[in-house]
Amino acid sequence: AHMHVTGAPAIGVSESALDYGPVFIGGHAARTLTVSNDGTDTLTVSDNRTNDPAYTVAPTSFVLAPGGSQVVTVTFAPDREGTIVATLTIASNDPDDPAVTVALQGLGQVPPDIGVPPSRLDADLFTSGSTTQTLRIENTGGSDLTFSVSTEESPESPAAGPIHPAIGTPGALASGIERGAPGMTA
């Protein structure tokens with residue numbers, strides 16, 4: 001008498017959901033998950049795909065021996081503003097789970113956009129002279145703008161006196177966050 005045993009692949013996926021949090025439109029964030037073969041025969045992952053183009057997957061297909069595993073990278077590159085929910089579907093030859101799904105979520109944000117008119121402030125002063133100039137920082141984007149400002153002496157004309165007390169001495173930093181609707185100024 002002969003006994004014939006047939007092996008079967010068994011897919012395992014390390015994550016059931018991936019959350020990307022906020023990502024600027026034009027930027028990207030990557031998360032990984034691990035696909036494993038917990039079965040006794042070769043697992044063929046024939047197609048990894050998402051149902052939204054804001055998410056991409058690599059690799060899209062691979063083969064795993066019993067006990068093998070593969071790291072899969074899912075990248076979120078938002079193309080619009082707001083919460084973007086999608087599903088990653090991993091198709092394989094696992095007879096019990098031919099299509100495993102992973103929930104995907106990220107928030108597309110319009111990035112801040114800095115405007116600094118004028119881009120440079122200059123002054124030629126006599127000894128003990130002073131001047132006051134205004135540097136305007138604008139955020140014409142859609143998210144908070146975090147910024148810092150530094151001052152420096154020109155090698156051709158070193159500062160003869162202190163810089164305005166609100167800024168400090170050359171090399172000092174001022175910083176802040178410009179919040180609010182697009183077009184706000186600080």
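Along the sequence shown, residues are numbered consecutively beginning with 1.
The backbone N or O of I11 lies less than 3.5 Å from a partner atom in the side chain of D94, making a donor-acceptor pair. A donor-acceptor contact shorter than 3.5 Å links the side chain of N139 to the backbone of D113.
Smallest separation of non-hydrogen atoms from N37 and P9: OD1-CA, 3.8 Å. Looking at every heavy atom in both residues, L33 comes nearest to E15 through CB-CG, 3.9 Å. Nearest heavy atoms, A30 versus T75: CB-OG1, 3.9 Å. A pairwise comparison of heavy atoms in D19 and R31 identifies O-NE, 3.4 Å as the closest pair. The shortest heavy-atom contact between V13 and I90 is CG2-CD1, 4.0 Å. In this structure, T40 and G7 approach most closely via the heavy-atom pair OG1-CA, 3.1 Å.
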Verdict with supporting geometry, V74 and Y20, side-chain contact (heavy atoms from CB on, under 4.5 Å): CA-CA 10 Å; V74 184; Y20 294 82; 3.2 Å; yes
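Side-chain contact check for T60 versus R49: every heavy-atom pair is 4.5 Å or farther apart. Contact annotation: the side chain of T89 never approaches that of N51 to less than 4.5 Å [non-hydrogen atoms, C-beta and beyond]. Using a 4.5 Å heavy-atom cutoff, the side chains of P112 and S143 are in contact. Side-chain contact between L145 and I137 is present, with heavy atoms from C-beta onward closer than 4.5 Å. Counting heavy atoms from C-beta outward, L43 and N93 have side chains that approach closer than 4.5 Å.
Using a 4.5 Å cut-off between side-chain heavy atoms of Ile, Leu, Val, Met, Phe, Trp and Tyr, with links allowed through other members, V45 and V63 fall into different hydrophobic clusters. Placement of V110 and I84 in two distinct hydrophobic clusters is found when ILVMFWY residues are connected by side-chain heavy-atom separations under 4.5 Å, directly or transitively. No continuous path of hydrophobic side-chain contacts links L104 to L107 [ILVMFWY only; heavy atoms under 4.5 Å].
Here the CG atom belonging to D79 is positioned 7.5 Å from the CD1 atom belonging to I25, to the nearest 0.5 angstrom.
Ring-plane geometry between Y55 and F76 is classed as parallel, the angle between the planes falling under 30 degrees on a 0 to 90 degree scale with a further cut at 60.
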